[in-house]
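Note: hydrogens, waters and symmetry copies are ignored here, and every other heavy atom, side chains too, is used. Here is how names work: the chains are called A, B, and so on, in the same order as the sequence lines, proteins then strands, and each is numbered from 1.
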2 protein chains.
Amino acid sequence: MLFLHKSNLKNRAMAKSPITINDLARELNVAPSTVSRALNNSPKISDLTKQKIVKKAAELGYNLNMVASSLSRSRTNTIGVVIPFLNNFFYSEVVNGIEELAFNKGYRILIAQTRNSFDKEKEILRTMSATRVDGIIACLTTETTNTDHLKILSANDIPLVLFDRVRFDFPCRKVIIDNYSAMQQSVAHLARSGYKKIAHLGGPITCNISSEHAKAFKETLKREGLPLLTQFHLSTDLTEEDIMEAIKIWLTSRLKPDAIITATSYAALVVSKLIKEQKLSIPEDIALSSLTSEPALQFVEPQITSVALPGRDTGKTSMDYLLNEIEHKEQKSDTTIKPYQLIIRNSSFRNK
Amino acid sequence: MLFLHKSNLKNRAMAKSPITINDLARELNVAPSTVSRALNNSPKISDLTKQKIVKKAAELGYNLNMVASSLSRSRTNTIGVVIPFLNNFFYSEVVNGIEELAFNKGYRILIAQTRNSFDKEKEILRTMSATRVDGIIACLTTETTNTDHLKILSANDIPLVLFDRVRFDFPCRKVIIDNYSAMQQSVAHLARSGYKKIAHLGGPITCNISSEHAKAFKETLKREGLPLLTQFHLSTDLTEEDIMEAIKIWLTSRLKPDAIITATSYAALVVSKLIKEQKLSIPEDIALSSLTSEPALQFVEPQITSVALPGRDTGKTSMDYLLNEIEHKEQKSDTTIKPYQLIIRNSSFRNK
DNA sequence: TATTTTAGTGCAAACGCTTGCATATATTTT
DNA sequence: AAAATATATGCAAGCGTTTGCACTAAAATA
C-alpha cells in the first residue's frame, strides 16, 4: 500500500512512485502546505486536521523525501566524517562517538577514508561539499601540508572541526590530544624506572602529532639528563616493514636501546614480538611503551604500557562543537586538548 | 570568488549564496540547460561552448548541488551501511571494502550502528529510506527475528544486500561466511589433536551464525565420536561478564574442558588471559580456538588458532551485488558463501 | 454592534538541477 | 535548389518540500 497510481502526471502517467504530501493532500482535500505543516507539527494547524493527516500518512505508508526537504531548507542534516582509516581502533572509536551523538540529534553521517592520500582528501572534501553536508569533522592526512582545500569549505560556509591531526594555521575548532605531554610523561616514566637508552619509533614529522612527540622526546631526555642518540630517534611511515627494519637494526647493534617508545599500539605489538623472538626479555632487557592504545595491549605478555586516548570523547566533543556551529552559528577557532592517561603496565618497569 | 551577489531574487535580494548553473548561464548568455549538459559532458553540446562553460565554472568556483541533482534524477548516489558496531575488526574491514568500491564508483556511504538494538535497526532503515539512499547493505542485529521493516524497503524499491547476520526468509542477496563448516573444521582439528572435552562459548542463537555454529558443533562432536556435554555448549551475549562467568565455572569445575572454541576473537583473548591467570597452560591443559579473527591473536603467547574471515572481500562483494541491482536492475535472491581460512596456531596443538 | 485580533488554511514561489521536446542553424543528400 | 538530416541550443515542466503572505471565519475587544 505504499504506492498510488497517479493519473495526473503527464510524462509518467501510471508510474508507480512513492507517496508524496501532494497525494495525501488530494486524498484529504487539503493543501500540500497544510500536510507539510501538520507532519512537522506546526502550531498553526489544528489538532483535528493534524490527526487526520498523520493517520492517513501512516495508512498510506508515507515517508518524507529528505532530498526534497533538504533542497527546500538548504540543510541536509548530514555531516561528513573524514578519517585516514576506518579499521583502526582509535578512529573507529572516534567515529563511534560522532555517530552516537549525531544519530541522537537527528543527523546522519557520511564517512570517507583518505587512506592517507592528500589527493583523496581533496577529492573527498569536494564531493562532500557538493553533497551539501551541514558540516565536516576531519582528521587530516600526514601528507596535508597546505590548507587551500579547507578554505573552499569556509568559502562555502561549511563548518569544519579538525581532530587529532590538525593544521594550526587554519582557523577552525580543533580537538586534539596533548601529544607533547604524553611523550613527556612516557619518557619521564621510563627514565625514573632506570632506563637510560631510550629510543623512539615515531611517525612522519609532517604531521603535528609526530612533531610534537619529537619535540617532547628531545626536550624531556635533556631534562632528565639522558643523552639523545640520533639513531634512537626515528621518524618513519610506520608500515610493518619500517618497523621491522628499524627494530632489527636496533636490536642487533652494539649499542642497543634499553627502552622503546612507539607511536602506535600496532607498532608496539610488532616490536614486542620481535624483541621476544630475539630472546630478549621485556622489561628486563628492554622496556616498551606505546603512545596509542588498543585492547590488545592488555592481552600480550607482558602487558604493554601505553597512553590511552579518549577516542569516543574526542568524537563526541568534535560533534558537539560542530553542532554549535551549525545550529547556533557560533564561530570559534580554538583548540581543545583532551586528557590522555598513561597506563603503566608490566612492559615498562623492572621488578626489583 | 565563490559567491555572487544576486539582485534578481525576490525574497533574498543580495543574499550571499553559492553559485548555481543559473548564475553561470546568465554570465555566459546561454540557457541553464546548456550549462547542465555541458558540465555533464553531454555529446549534444559543442566542444567550444563546453570549454567556455567549464572554464567559467572553475573561475567562479561552481560546485554542483548534489541535493538538487538527486531530487531531479531520483538518485542520490548514496548507499546506506548498517552494522552492529563500528569498532570491531571484522565490521570495520567490511565497511572498508564497501567504502573503497563505493568511492571508486562515485557513491558515498552513510553509516549507522544498530548497537544490536532491533528498535534502532528499524529507526535507521526508516531514516535511510527517507534519505532516499540508492541501496542498503546491512548486517542484522541478533535481536532481529522478523522482517517487516525489510519489506518496507522492497516496497519502496530500495535494493538490499544482507551480510554476515542475515535472515534467510527474506528475499534478497546475501553474503555470508560458511559458519557450519568453520565450526566443523575447528572441532575436527581439535579432536584430531587429541582433545576430547571440547567446549563452545557461543553467541545468542537468535542469529543465523550462532545457530549454524551450534548445529555444526553438535554434529561434528558426534561424527568425531566425542561426547556432547550440555554445560560445555553455551549460548551467551558474549559480554565481558558473560565470558568471565562461563569461564570461571568451567575452569573451577571438577570436569574441566580441555579445549575451548569461542565465537569471537575478543572472547578468545579474554579466555586466554583467564586460563593463564589460573596457572593453566595453553595448549597443554586447555586448547583455544576462535571462530573470528583479529590481528591481536598473533601477538599473544601462545598465538591463538582462529578462523580468518574475509572482511574486505565480504564488503566488496556486497557492494558489487548492490551496484548490480542499482545500475542493472538485476534482482536476485541468492546466497554467496565466502571462504574462510582456519589458521592453526600454537594454542591448539600439543607439542609432542 | 462595529472593530480588532487570533486561528486555521490555502496559494504560489522557491530550492537548483535534469530532460523531453521544440526550434534554429548548418550540413548533407537527392 | 529543394528537401532531408544532423547539430547545437533554448524552453519549460518537473522532482517533493517549505514558507511568506494572503485570506476567511471565528473569537475577543471596545
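For C:dG16, its base never sits under 3.5 Å from the side chain of B:Ser72 at any donor and acceptor pair. With hydrogens and angles ignored, a donor-acceptor pair closer than 3.5 Å exists between the side chain of B:Arg37 and the base of C:dG20.
Between the A:Asp23 side chain and the A:Thr20 main chain, a donor and an acceptor come within less than 3.5 Å of each other.
A close approach under 4.0 Å does occur between a side-chain nitrogen or oxygen of B:Ser69 and OP1 or OP2 of C:dT18. At the phosphate of C:dT18, OP1 or OP2 sits under 4.0 Å from a side-chain N or O atom of B:Ser36.
Note on A:Asn29: only backbone sugar-phosphate atoms sit closer than 4.0 angstrom, heavy atoms only; bases stay farther off. Using a 4.0 Å heavy-atom cutoff across all strands shown, B:Val67 reaches no nucleic acid atom at all. At a threshold of 4.0 angstrom between heavy atoms, the contacts of A:Asn40 are confined to the sugar-phosphate backbone, with no base atom among them.
Side-chain polar atoms of A:Asn116 and A:Glu143 form no donor-acceptor pair below 3.5 angstrom. A donor-acceptor pair shorter than 3.5 Å cannot be found between the side chains of B:Ser69 and B:Ser72. There is a side-chain donor-acceptor pair under 3.5 Å between B:Thr144 and B:Glu121.
For B:Ala31, whose side chain is taken as the heavy atoms from C-beta onward, the closest listed nucleotide among D:dT18, D:dG10, C:dC17 is D:dG10. Side chain of B:Asn65, nearest nucleotide from C:dT19, C:dC17, D:dG10: C:dC17. Between C:dT9, C:dT18, D:dG16, one nucleotide has an atom nearer to the side chain of B:Leu64 than all others, and that is C:dT18. The side chain of B:Val30 lies closest to D:dG10, out of D:dG10, D:dT9, C:dT18. Of the listed nucleotides (D:dG16, C:dC17, C:dT9), C:dT9 has the atom at the smallest distance from the side chain of A:Thr49. The side chain of B:Ser33 approaches C:dT19 more closely than any other nucleotide in the set C:dT19, C:dC17, D:dT18.
In terms of position on DNA chain D, the residue among B:Ile45 and B:Ala68 whose nearest nucleotide sits closer to the 5' end is B:Ile45. Mapping A:Pro43 and A:Pro32 onto DNA chain C by nearest heavy atom places A:Pro43 closer to the 5' end of the strand.
In this entry the distance linking CZ of A:Arg75 with C1' of D:dT19 reads 16 Å, nearest Å. Summarising the geometry, the separation between CE on A:Met66 and P on C:dC15 is reported as 19 Å, rounded to the nearest angstrom. The distance between atom CG of B:Leu39 and atom P of C:dT18, rounded to the nearest whole Å, is 8 Å. For the pair B:Leu48 CG and D:dA8 C1', the interatomic distance rounds to 11 Å; values are reported in whole Å. Atom CG of A:Leu71 and atom C1' of C:dG16 are 6 Å apart (whole Å). Following rounding to the nearest Å, B:Leu24 (CG) and C:dT18 (P) show an atom-to-atom distance of 12 Å. Atom pair B:Asn77:CG and D:dC15:P shows a separation of 20 Å (rounding to whole Å applied). Rounding to whole angstrom units, CG of residue A:Leu28 and P of C:dT9 are separated by 12 Å.
With sequence neighbours left out, the side-chain hydrogen bond (donor to acceptor under 3.5 Å, both in side chains) criterion links A:Thr314 to no other residue.
In this structure, the helix from C:dT1-D:dA30 to C:dT30-D:dA1 shows an angle of 40° between the axis at its start and the axis at its end, each fitted on 5 base pairs and rounded to 10°.
Within 6.0 Å of CD in A:Gln331 there are 12 or fewer heavy atoms belonging to other residues, nucleotides or ligands.
B:Glu99 and A:Arg115 are joined by a salt bridge, as a carboxylate oxygen and a charged side-chain nitrogen come within less than 4.0 angstrom of each other. Under the 4.0 Å criterion applied to side-chain N and carboxylate O atoms, A:Glu123 and A:Lys120 are not assigned as salt-bridge partners.
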